[in-house]
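Have a look at the structure below, then the notes.
Every chain is numbered from 1, with letters handed out A, B, ... down the list of sequences.
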There are 2 protein chains.
Amino acid sequence: MSKGVRTRAAILGEALSLMSTDGLSGLTIGLLAERTGLSKSGLFAHFGSKEQLQVAVLQEAQACFTTHVIRPVLDLPRGLPRLEAFAEGWWAWNRSPPFPGGCPIQAASLELDDRPGPLRDEIAGAQRRLRAFIRQGAAMAVAAGHFRPGLDCTLFAFQMVGIAFAQTMTCRLLGEPEGLDFVRRAWRVQVDGALGTSQNQTGEMNHVE
Amino acid sequence: MSKGVRTRAAILGEALSLMSTDGLSGLTIGLLAERTGLSKSGLFAHFGSKEQLQVAVLQEAQACFTTHVIRPVLDLPRGLPRLEAFAEGWWAWNRSPPFPGGCPIQAASLELDDRPGPLRDEIAGAQRRLRAFIRQGAAMAVAAGHFRPGLDCTLFAFQMVGIAFAQTMTCRLLGEPEGLDFVRRAWRVQVDGALGTSQNQTGEMNHVE
DNA sequence: AAAATAAACGAACGATCGTGCTATTGTCAA
DNA sequence: TTGACAATAGCACGATCGTTCGTTTATTTT
């Protein structure tokens, strides 16, 4: 591992921390240089432009999410077990990601949703992949007989994303300590609504369209 | 209405538009002065500091939301009718608010959630009031017999906020035209899960904790 | 209409922004 | 160990940031 690669990785790590608290627009080259102990120009040379730096940071954020949340659950059996573990991992990530601030991907998603360009493409791709992961996870649960046949897995992913955002809102912005309870209960409601009728733990029948 | 007040209102209107696309941190005094046709110093004098301008913009955003979404539904009968109308109004607001960009309140919520100070207090208050409004709306539906007794109205509000964020994500960032369908269906699932059993339109029984 | 007050301007400030250069330092292979 | 090259520093640039100040122009009140 050459020097340049190592430095670049260190820069991206620090950039992620900075971005998690101050957002993509708060990620400034001068500040980042100061925190990494590099000169502005020395740091700049690693990326060529501000935008390329931002793209790299967004990619690093995705890689970090994959490492911390996605990868660990791939060892678990497909279907409900994996999905449940992913949910719990995601809630943990949202509440206390490995940065001082909140999830950079969520923040960037709302920051960039009205500004077309490479940055929005990058974060939109990340969100699409995340939803696809959830959708496939739900589909596996259907295939395994955990979830009822005919479940709309795209809607399932949509709802789960909503819970995640509501969590950030509750836990981070409002700072309510019972936020995680609401997350878990909302998630439980959603899972219960997707279960196969034979496994329906709460005795309710589920809506099939 | 004196001149100063009129100008201030015009500034805030333009500021809201600018903020909806570029975020709170993109709301710069120079740019805002240019768009309103004022000089930087002339504009600045209306607020005294950048932070006070930002606070004023956040308050203006709340007022605008109240006018467009909250106020109209207060004429409707309490309970489910009002709640349904509010939902539809909110989805419409999220998809195409009276600004070029997306909902400034949602954007600011994620932008400020890690930066304590007057700005975060302001937006946190807005979110708390919004949730209280939803919670009370659900409580009225319970009182009116539309929703089942024992419904957790706080959880209900939590879930609804989640749907709204997921909508912004889907409709704005990803630009999926069918986004509104998912919003309505997720909302329908939530409402169905809250209905009194006698009115349950989908034939499912509901989970009561 | 004159006096009093409010509103807006123009110019300047120090700071920081992103981005080019050139020079110097460090690293790695021959 | 030297030579090639990658990595970093230093410096400067035009632009823009938020802010202050004194002045000028509008508006409102007397």
Would you say the ring centers of B:W91 and B:F182 fall short of 6.0 Å from each other?
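Ring centroids of B:W91 and B:F182 are no less than 6.0 Å from each other.
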
Worked check of ring-ring contact (aromatic ring centres under 6.0 Å, His included) between B:W187 and B:F156: CA-CA 10 Å; B:W187 170 243; B:F156 188 92; 5.7 Å; yes

Open item on the list: Can you tell whether the side chains of B:D114 and A:R172 come within less than 4.0 Å, N to carboxylate O?
Closed with: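 Yes, charged N to carboxylate O under 4.0 Å.
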
Check this for me, if you would: do A:K40 and A:E34 make a salt bridge, where the nitrogen-to-carboxylate-oxygen distance has to be below 4.0 angstrom?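 Here A:K40 does not pair with A:E34 in a salt bridge, since their nearest N and O are not under 4.0 Å apart.
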
Handout entry: Enclosure of B:R82 CZ (heavy-atom neighbours >12, cutoff 6.0 Å)
Key =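 Yes, enclosed.
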
With B for base contact, S for sugar-phosphate-only contact and - for none (protein heavy atoms under 4.0 Å), nucleotides 5-24 of chain C reads --SSBB------BBBB----

